[in-house]
Amino acid sequence: MMLNEIIVLLFGLIIAITIILMLKRIFFGRKTKLSIDKKVNSRDLFEPLENEPEIKSDEERFSEEQTYLEEDNQNSFSEDTESLFIINLEGDGKSVSYKDLIATLEENSSNYSNEGGWFRIFSEDHFFSLVNGLNPGRFDTSKENDETTALALILSPISGTNTISNFNNMVSFAELLASKLDLDLFDSDRNPLTQQMIDHYSHLAEDFDLKNFA
């Protein structure tokens, strides 16, 4: 009688262990697979970050700025003011020579560099460009009397700088240069530069600084 009870208990224990192992495999096995699936699927969240465009450096943006000048087919400079701030200078039939422009800069601004046919005018923490407003955007350095009927000041903003202050410096410089060379100021669309447009540019500069604060 005792032997039969022991055998029954052993069979019951074996059955219980088998049931426990089955339940463990069913429940814990599914949980492990779900965890693996979630890890694999979560990789999709990082793919957009790998495809985002790289932030352009100031030199890259300036290179694009010069490329645009060289490829402009309308013999004039204009660009979307959301990416560049531009002030054009022109006179009624008046021409400005490369030699006279250098003399004017030497007399009125010591904080500039001649880049060979175009100029960098340095502001507080950045610079803006002074270029020939006609294609190809620069003077022929082999000719002192190379002339143009249009100049352009270009500020390419970058994050981490005070774009508002740099733009104001460019406006002040534009007014000074216009008075010295007897030229008129125009916006990027070659319309007369008004205070309203200057205010509009200032708001764009402020928005840029807010969005790119670093």
Side-chain angles (χ1 to χ4, degrees), residues 53-91 96 101 104-105 108-115 117-139 148-181 183-214:
E54 297 181 358
I55 298 175
K56 296 179 182 178
S57 68
D58 181 53
E59 291 300 323
E60 290 172 333
R61 298 187 67 176
F62 189 79
S63 176
E64 290 180 358
E65 180 182 299
Q66 294 302 307
T67 300
Y68 180 87
L69 283 169
E70 294 172 359
E71 294 178 350
D72 184 12
N73 2 354
Q74 295 181 353
N75 268 359
S76 62
F77 183 86
S78 63
E79 178 65 0
D80 186 354
T81 53
E82 290 185 0
S83 58
L84 299 174
F85 296 93
I86 302 161
I87 298 177
N88 289 296
L89 298 89
E90 297 182 33
V96 178
L101 182 58
T104 302
L105 290 174
N108 297 280
S109 175
S110 59
N111 200 16
Y112 79 94
S113 66
N114 189 335
E115 303 297 329
W118 59 275
F119 306 86
R120 287 185 180 185
I121 312 298
F122 296 96
S123 50
E124 295 179 5
D125 55 6
H126 193 25
F127 65 85
F128 48 90
S129 307
L130 171 59
V131 300
N132 187 336
L134 304 180
N135 191 25
R138 63 185 67 202
F139 290 92
T148 183
T149 57
L151 298 171
L153 292 172
I154 311 164
L155 171 63
S156 178
I158 58 173
S159 59
T161 62
N162 191 334
T163 307
I164 300 173
S165 177
N166 292 325
F167 172 71
N168 289 334
N169 287 337
M170 186 172 75
V171 172
S172 297
F173 181 82
E175 292 173 341
L176 173 65
L177 196 61
S179 65
K180 296 296 181 180
L181 298 175
L183 300 175
D184 297 316
L185 300 180
F186 299 87
D187 61 22
S188 59
D189 295 323
R190 308 189 94 83
N191 296 317
L193 184 65
T194 62
Q195 184 59 48
Q196 182 179 4
M197 183 56 69
I198 292 176
D199 293 340
H200 172 66
Y201 284 157
S202 296
H203 288 309
L204 292 178
E206 184 177 10
D207 289 342
F208 180 89
D209 283 345
L210 291 174
K211 292 177 182 177
N212 297 274
F213 177 75

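Note that this is a predicted model, so its numbers are computed, not measured.
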Side-chain touch F85/T163, heavy atoms, less than 4.5 angstrom:
yes

For residues L176 and S179, report the shortest heavy-atom separation together with the two atoms involved.
O-OG, 2.7 Å

Could you grab the distance from atom CD1 of I87 to atom CG of L193, nearest 0.5 Å is fine?
5.5 Å

Heavy-atom closest contact (N88 atom, A152 atom, distance)
OD1-CB, 3.7 Å

Looking only at heavy atoms, what is the nearest atom pair of G160 and D125, with distance?
O-OD2, 4.4 Å

Only one of L151, L183, L185 passes side-chain contact (heavy atoms from CB on, under 4.5 Å) with L177, and that residue is L151

Taking the side chain as every heavy atom from C-beta outward, state whether L101 and F119 have any atom pair closer than 4.5 Å.
yes

What's the shortest heavy-atom distance between S156 and H126, and which atoms?
O-NE2, 2.8 Å

Side-chain (D209) to main-chain (N162) donor-acceptor, under 3.5 angstrom
no

Could you check if a side-chain atom of L105 sits within less than 4.5 angstrom of a side-chain atom of L130, using non-hydrogen atoms only?
yes

pair S123-F173: side-chain heavy atoms closer than 4.5 Å:
no

L89 pairs by side-chain contact (heavy atoms from CB on, under 4.5 Å) with which of L153, T148, V96?
L153

Pairwise distance CG(N111) to CZ(R120) - rounded to 0.5 angstrom:
12.5 Å

For residues I198 and F167, determine if any side-chain heavy atom of one lies less than 4.5 Å from a side-chain heavy atom of the other.
yes

Any heavy-atom pair between the side chains of F128 and N166 that's under 4.5 Å?
no

Heavy atoms from other residues, nucleotides or ligands near CD of Q196 exceed 12 (cutoff 6.0 Å):
no

Side-chain donor/acceptor of D187 to backbone N/O of D189, under 3.5 Å
yes

Does W118 reach the side chain of I154, with side-chain heavy atoms less than 4.5 Å apart?
no

Distance, nearest 0.5 Å, that separates CG of L204 from CG of D199:
11.0 Å

Rounded to the nearest 0.5 Å, the CE atom of M170 sits from the OH atom of Y201 at a distance of 8.0 Å

Value for OG (S129) from CD1 (I121), rounded to nearest 0.5 Å, stands at 8.5 Å

What distance separates E124 CD from T161 OG1, expressed to the nearest 0.5 Å?
10.5 Å

